[in-house]
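Structure first, commentary second.
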Protein chains: 4
Amino acid sequence: MDEPAARRPPGRGARVRAAVLGAALAELAEVGYDALTVEAVARRAGVHKTTVYRRWADRADLVVDALTEHVDLDVAVPAAGPIEDDLRAYARSVVAWLTAPTGRAVLAALLSDAARVPEVAEVKQRFFTARMRRAEPLVARAVARGELPAGTEPGDVVRALVAPIYLRLVITGEPVDDTTADAAARDAIVLARSAR
Amino acid sequence: MDEPAARRPPGRGARVRAAVLGAALAELAEVGYDALTVEAVARRAGVHKTTVYRRWADRADLVVDALTEHVDLDVAVPAAGPIEDDLRAYARSVVAWLTAPTGRAVLAALLSDAARVPEVAEVKQRFFTARMRRAEPLVARAVARGELPAGTEPGDVVRALVAPIYLRLVITGEPVDDTTADAAARDAIVLARSAR
Amino acid sequence: MDEPAARRPPGRGARVRAAVLGAALAELAEVGYDALTVEAVARRAGVHKTTVYRRWADRADLVVDALTEHVDLDVAVPAAGPIEDDLRAYARSVVAWLTAPTGRAVLAALLSDAARVPEVAEVKQRFFTARMRRAEPLVARAVARGELPAGTEPGDVVRALVAPIYLRLVITGEPVDDTTADAAARDAIVLARSAR
Amino acid sequence: MDEPAARRPPGRGARVRAAVLGAALAELAEVGYDALTVEAVARRAGVHKTTVYRRWADRADLVVDALTEHVDLDVAVPAAGPIEDDLRAYARSVVAWLTAPTGRAVLAALLSDAARVPEVAEVKQRFFTARMRRAEPLVARAVARGELPAGTEPGDVVRALVAPIYLRLVITGEPVDDTTADAAARDAIVLARSAR
DNA sequence: GACTAAACGAGACGGTACGTCGAGTCTTTGT
DNA sequence: ACAAAGACTCGACGTACCGTCTCGTTTAGTC
């Protein structure tokens, strides 16, 4: 009862964990969930297959863990200024994350067959709703300040904002950049201001 | 010189083909692409494994064929009336197809890991662009009639129309029904009428 | 010179039969019984697989027929002269047949796994005993003439004659030629003359 | 700590190896090389198919190994006494081995289609020449003692000895027992003593 | 010299085994 | 005492032949 007491949370095991999760995400990005192989992940992480199985129950569990890692990170919520600026900044941050390598990989994984795994479905739910919810205070503040009509549902505005971004990314495959983000923000505001 | 348009040997082989493609789609719906197994498809179709391999090169080829079948079907394009009615009808038909069992299965498959197969990616492309393009004449007609501002880009209107539908179906998983369709149509028109 | 006209069902069927049996023997020689494939035989005979199965029940039946063809042929039995000459001539004819391409193939086939097929085992039995028996009159005649001791068992002499030939061909794989044949004949006579 | 004296890497893997090779030889005896199936061997050994393929490249490799096992075993060489007794004892030991179940199986396999596999051909060569060579010193000793004529070629005597045994076993299928062995030994000596 | 029946070409089919790969489990070993 | 290594069971992969079957198409022998 001595040598493990030396390192409580850090130590060698943590390095293995990081290496494996990193390898898993990389494989996810390169070959997708269907073709992701525990053996390939282990090889890539420089670790033996059984070492992976000692920590994770199976392929699904490993992927859940790898995705969770990148999903619960906090995203900066800008916060001050006219609603036009705030939404534009938010839209751009969404686009930036989703088009960066890690974001692309996570998004693809969350929409892949992995989503049939209940835990991944949970992660997916958490991921999207949490991110969208984080922008709702911006809208609420604008309503309070009278920039948007009273009675505006913040959730609706945010949905309207992200919808065209995801459409291009996921459905049509069209390129997505800041221009797309700006247009999305503008349209979301137009819709919010159109009396209901 | 009567029914030759369909297939030359309409006999027994066609039944096998239909049974296997049907089984493939059903498996796709139930277990997804990742877990789809040629042997399970064969079993389900009441056919031997080697019979499947005689006609299709591999799992991917089989899935491509099964999806293609349901993708190139024609969708009714309503066509007359005020743009509000036309777009609402179109939105509802899109929702109806995507929420019916077959539609759900095809959509899920097109967004799954199967999309890494180049041929499936092609099918996906064909599928979405063809369907969206089919609604563009409606918008063009409305522009010609003065119901929508001159200079309106039909493609933009259609994208705005379907974006919230796909958002709910694919990203947030919220329920989608005629109400959703109607709101999507209304918002698309609002955006089109907001001067650029 | 259309000698096939003599048969009842002359025509085309006989050509097919000959082509297939020939191909079967050739395959037997080249790849052996284990690797002999009905499809390869058919291909080689320029005939369709089903045509083979129409006439022969299965692979074994086909091989039986192909071997039988070459087994029931008559071998010239020399017959006059001192026993030394007769046996030497017989030994040489045995060697000649067994070292010619067809003989090699038939011998190999009769000793291969094909011999597990009861009909092939029968053919094998017929083949060896018939050929050996054909030489027995030579010995009997020599006994009658007093060249060999009375009471000599012709079968024993013939067995002693062929034993070293088969040993080299089948067991040790040593080369076999007329020298071997001559030595075998000489030794058989020595043994016959050594009182029992 | 010397309980595993039997094998270098003792333990569990050796048990699998033995079980599989035993099963392979048994199958060889029962159904022959042509009908020998890796799956059947695995079943019989109580082992999964892939376990067999992990250690042996294919069917041929497995058979080579199974045969080798029984081929390189040492055979007792009697050694003292008049040449008549020595050769008779040797002949009987040859007959005993070849008529025992294992011997029959090995012999049959060495003469079957398996012999087309180069490695099996090598084993066959090793097998027969090694066993025959082992008897040559007996003859050489007899020559030295003056029991057989000077200049007698030991190899020739041994060949003459075994030839009738193999003839019966392999060619004519006649029963082989000690009587056969004794006659073979006697005849070999007669031939050796007939001046050349 | 046309007609009919057998034989043939073509190829799909259910099946068995091939040899391969990966998933997950269990045992052995080294330290 | 425990974790790395690796051997094992299991199931599916995609392939080659087996032997069966059903279609059309020659082609031979008969009328």
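Lettering follows sequence order; numbering is per chain, from 1. Bear in mind the structure is a predicted one, so any value in this text is a computation, not a measurement.
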Calculate the interatomic distance between A:Glu39 atom CD and F:dA5 atom P; express it in whole Å.
-> 14 Å

5'-most contact on DNA chain F: D:Val47 or A:Val47, nearest heavy atom basis?
-> A:Val47

Return the value, rounded to whole Å, for the distance between atom CZ of D:Arg17 and atom C1' of F:dA7.
-> 16 Å

Among E:dC18, E:dT28, F:dA12, the one nearest B:Thr37 by side-chain distance = F:dA12

By side-chain contact (heavy atoms from CB on, under 4.5 Å) - contacts of D:Asp65 (at least two apart) = D:Arg17, D:Leu21, D:Trp56

Figure out the CZ/P separation between B:Arg54 and F:dC17, and round it to whole Å.
-> 14 Å

Only distances under 3.5 Å count here; give the side-chain donor-acceptor pairs of residues 31-40 of chain B to other protein atoms, sequence neighbours excluded, each with its distance to 0.1 Å.
{"residue": "B:Asp34", "atom": "OD1", "partner": "A:Arg59", "partner atom": "NH2", "Å": "3.3"}
{"residue": "B:Asp34", "atom": "OD2", "partner": "A:Arg59", "partner atom": "NH2", "Å": "2.7"}
{"residue": "B:Glu39", "atom": "OE2", "partner": "B:Lys49", "partner atom": "NZ", "Å": "3.3"}

Start at the 5' end of DNA chain E and walk down; is the nucleotide closest to A:Asp58 or to D:Ala60 reached first?
-> D:Ala60

C:His48 NE2 to E:dA10 P: how many Å, rounded?
-> 6 Å

Using whole Å, report how far CG of C:Asp34 lies from P of F:dA16.
-> 18 Å

Nearest to the side chain of D:Thr50, which nucleotide is it out of F:dC13, E:dT25, F:dT9?
-> F:dT9

Between the side chain of D:Arg44 and the main-chain N/O of D:Gly22, is any donor-acceptor distance below 3.5 Å?
-> no

In whole angstroms, how far is the C1' atom of E:dT16 from the CZ atom of D:Arg59?
-> 14 Å

Separation of D:Tyr53 atom OH from E:dT20 atom C1', in whole Å?
-> 9 Å

Might you confirm whether atom CZ of B:Arg104 has over 12 heavy atoms from other residues, nucleotides or ligands at distances under 6.0 Å?
-> no

Residue pair D:Leu28, D:Val106: steps toward the side-chain contact (heavy atoms from CB on, under 4.5 Å) verdict = CA-CA 8 Å; D:Leu28 226 31; D:Val106 171; over 6 Å; no

Figure out the CZ/P separation between C:Arg43 and F:dA16, and round it to whole Å.
-> 11 Å

Return no unless some side-chain N or O of C:Thr51 is found under 4.0 Å from OP1 or OP2 of E:dG9.
-> yes

Return yes if the base of F:dG19 and the side-chain atoms of C:Lys49 contain a donor-acceptor N/O pair under 3.5 Å, otherwise no.
-> yes

